[in-house]
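Hydrogens, waters and symmetry mates are skipped; everything else that's a heavy atom, side chains included, is used.
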Amino acid sequence: MNRSPPVDRLAGARLGVAARHVSRQSLPAIFVSTGLLLSGLLPFSPAQAADTEPLSPQHAPQVLRIANGAEPGSLDPQRTNGTWETRITRDLFEPLIAYAADGTLIAGLAERWEVSDDGLRWTFHLREGLEWSDGTPLTAQDAVFALRRLMTPETAAHNATLYYPIINGRAVNTGELPPEKLGVSAPDAQTLVILLSHPSATLEQTLAMSEAAPLPRHIITASDSQWTRPANMVSSGAFVLKEWAPQSHIELAPNSHYYAAGKVALDTVVYLPIEEGHAALNRFRAGEVDIAYSVPASHFAWIKKHLPEALHTYPILGEYFYAFNLRDGSPVADPRIRRALNLATRRDVITERILGMGQIPSLHFVPNALTDHTGGRFDFADWPMEKRMARARELMAEAGFGPEHPLALELRYNTLEDHKKIAVALGAMWKPLGVAATLTNTEAAVHYRDLAQGNYQVGRYGMIATIADAYDFLNAFTSDNTSNAPGLHSPTYDALISAAASEGDAQARRQHLHEAEQYLLDNDVVLPLYDYVTSSLITPRLEGWAPNALDVHPSRFMHFEASP
């Protein structure tokens, strides 16, 4: 997930999935509840070349300013996991397969590719004359280098398990084999061959993630720890890193060596680390930012009334939830307590009274917008609230807690006003069970580091799909996945995900994924709250920004209308 990973987006505040899935023959239908049919991912065809018609030059400087959320922890595309980071790396590094403005898959650095009849051999043909931003030739060997680096355990790539279909992918990622044994090769400078151990329904989407993009081996091998500094970084994408002032801004400039440089209209892209939605709104109203990816729920009605042309709201493939720490010593390692908390949570109160932005209450985990998935449900989904609360009190009493013997429980969330409101509401909902909740908030980088290290009890999480497949959400909880914040270690669950990854029959694969989701719910591994709806503010003069279910918006396609 970006998922990749994880993704951190609350109707405008978001994480990535990271959190980080599609075949050429069968793609899920993605619809939105507002009645708007979004452009889902479509299979590549030669007619869909990435090079859209050239944009007309504009007479005024084209400077795009984006309120991007948190400060990036890294600009190394293989060491990021938040959407606020991947927005930037997507501008800097182009994969073999890329995304168009509307979220469809198009040719990237590879102009075409073929798949063998058995689905096990993928051959990519790079474009002629590709160069890094310093003029060095960009070759298939750079792609081999990047994929090997991605899978080494030292890189600790957030979505490495998505690449396990590549021959020896798991063994390389766990350190059992050296990177040279990964099933990737470059028979010549313009040809990349990827060999799979089994057919993959998600490889095209996985290779469209910026983490899978070729990397400048001539720079990284010379200085791996320093290569992302502005003075050192070279890029393959439409933009280069010009300046990075931590906690202030990241400035990108056009890459003159980009293969489609003549079709990039923006002169500058500035990413601003504005986490708080109210601050982003104020900067947008003042004309200081052109895109705000964080809209405060408390001002949503006002924004709908006063900024209707700028507001864009639509469902995306994302889930907002709390993770339970299942590790020994955690109070929620007791399954009775986890079930009691899930029973007592009123999702409709959070979506309708606290947020009110169209979020979909979730008694499931995989978002409903992914209609190709047969979803699971909590077995108490149809119980009246009175029955749920009665059962929750019984379970807490069995665990030794109640109003007379309260359970001290820490709820952790990353800094954002709406996250705080939800955490406060959860504490109030759980108080009748004898839960004494303490709220702790930290900036996003610290928050997700603590969750990854198991330094929490109940922690706020969000996943935004990096590929349109249920596997992207469910794979995150396998025993060897670095996104496995709950610390789930279940041979049963791992076997279901492994079976889904290697299953060639679409119906059998869906069944494996359904059973995996149901396992998460039956064992209360997570506390899902709602399916994401994203709300962003886009200045009406900006063209080339398009809503899509994966919420990807490459800057290379954007430009401003000429002033009247």
> Just by distance, with hydrogens left out, do S536 and H553 show a side-chain donor and acceptor under 3.5 Å apart?
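No donor-acceptor contact under 3.5 Å links the two side chains.
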> Okay, side chain of H559, backbone of Q62: is any donor-acceptor separation there less than 3.5 Å?
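Flag not set: sc H559 to bb Q62 has no pair under 3.5 Å.
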> Go through Y448 and Y461 one step at a time and tell me if the ring pair (Phe, Tyr, Trp, His ring centres under 6.0 Å) criterion holds.
CA-CA 8 Å; Y448 288 105; Y461 216 104; 5.3 Å; yes
> Run the salt-bridge test on D551 and R87 with the 4.0 Å N-O cut-off and return the result as yes or no.
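Judged by the 4.0 Å cut-off on N to carboxylate O distance, D551 and R87 do not form a salt bridge.
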> Can you name the nearest heavy-atom pair linking E275 to L416, along with the distance?
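Heavy-atom minimum between the residues: O-CD1, 2.8 Å.
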> Would you say R285 has more than 12 foreign heavy atoms packed within less than 6.0 Å of its CZ?
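No, the 6.0 Å shell around CZ holds no more than 12 heavy atoms from other groups.
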> Taking the side chain from N523 and the backbone from V525, do they hold a donor-acceptor pair closer than 3.5 Å?
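Judged by distance alone, no pair lies under 3.5 Å.
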> Within the side chain of N414, is there an N or O that forms a donor-acceptor pair under 3.5 Å with the backbone of H447?
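Absent.
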> Check whether the ring centres of W244 and H249 lie less than 6.0 Å apart, and answer yes or no.
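So the answer is no for these two rings.
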> Show your reasoning for whether side chain to side chain contact (heavy atoms under 4.5 Å, CB included) applies to V289 and L272.
CA-CA 9 Å; V289 299; L272 302 167; 3.5 Å; yes
> If we ignore hydrogens and angles and just use 3.5 Å, is the side chain of D418 paired with the main-chain N or O of I422 as donor and acceptor?
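The answer is no, because no donor-acceptor pair under 3.5 Å joins these two groups.
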> Hey, is D91 close enough to R556 for a salt bridge, meaning N to O under 4.0 Å?
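So D91 does not pair with R556 through a salt bridge.
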> Taking V366's backbone N and O only, do any of them form a donor-acceptor pair with E517's side chain (distance below 3.5 Å, no angle check)?
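Side chain of E517 to backbone of V366, a donor-acceptor pair under 3.5 Å: yes, one is there.
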> Return yes if some donor-acceptor pair links the side-chain N/O of S200 with the main-chain N/O of T202 below 3.5 Å, else return no.
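Confirmed, S200 side chain pairs with T202 backbone.
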> Side chain of H514, backbone of T374: donor and acceptor closer than 3.5 Å?
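Side chain of H514 to backbone of T374: a pair is present.
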> Closer than 3.5 angstrom, by distance alone: can the side chain of N484 be matched with the main-chain N or O of T478 as a donor-acceptor pair?
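Yes, N484 side chain to T478 backbone: donor-acceptor pair under 3.5 Å.
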> Donor-acceptor pair, D372 side chain versus A468 backbone, under 3.5 Å?
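No, the answer is negative, given that no donor and acceptor are paired below the 3.5 Å cut-off.
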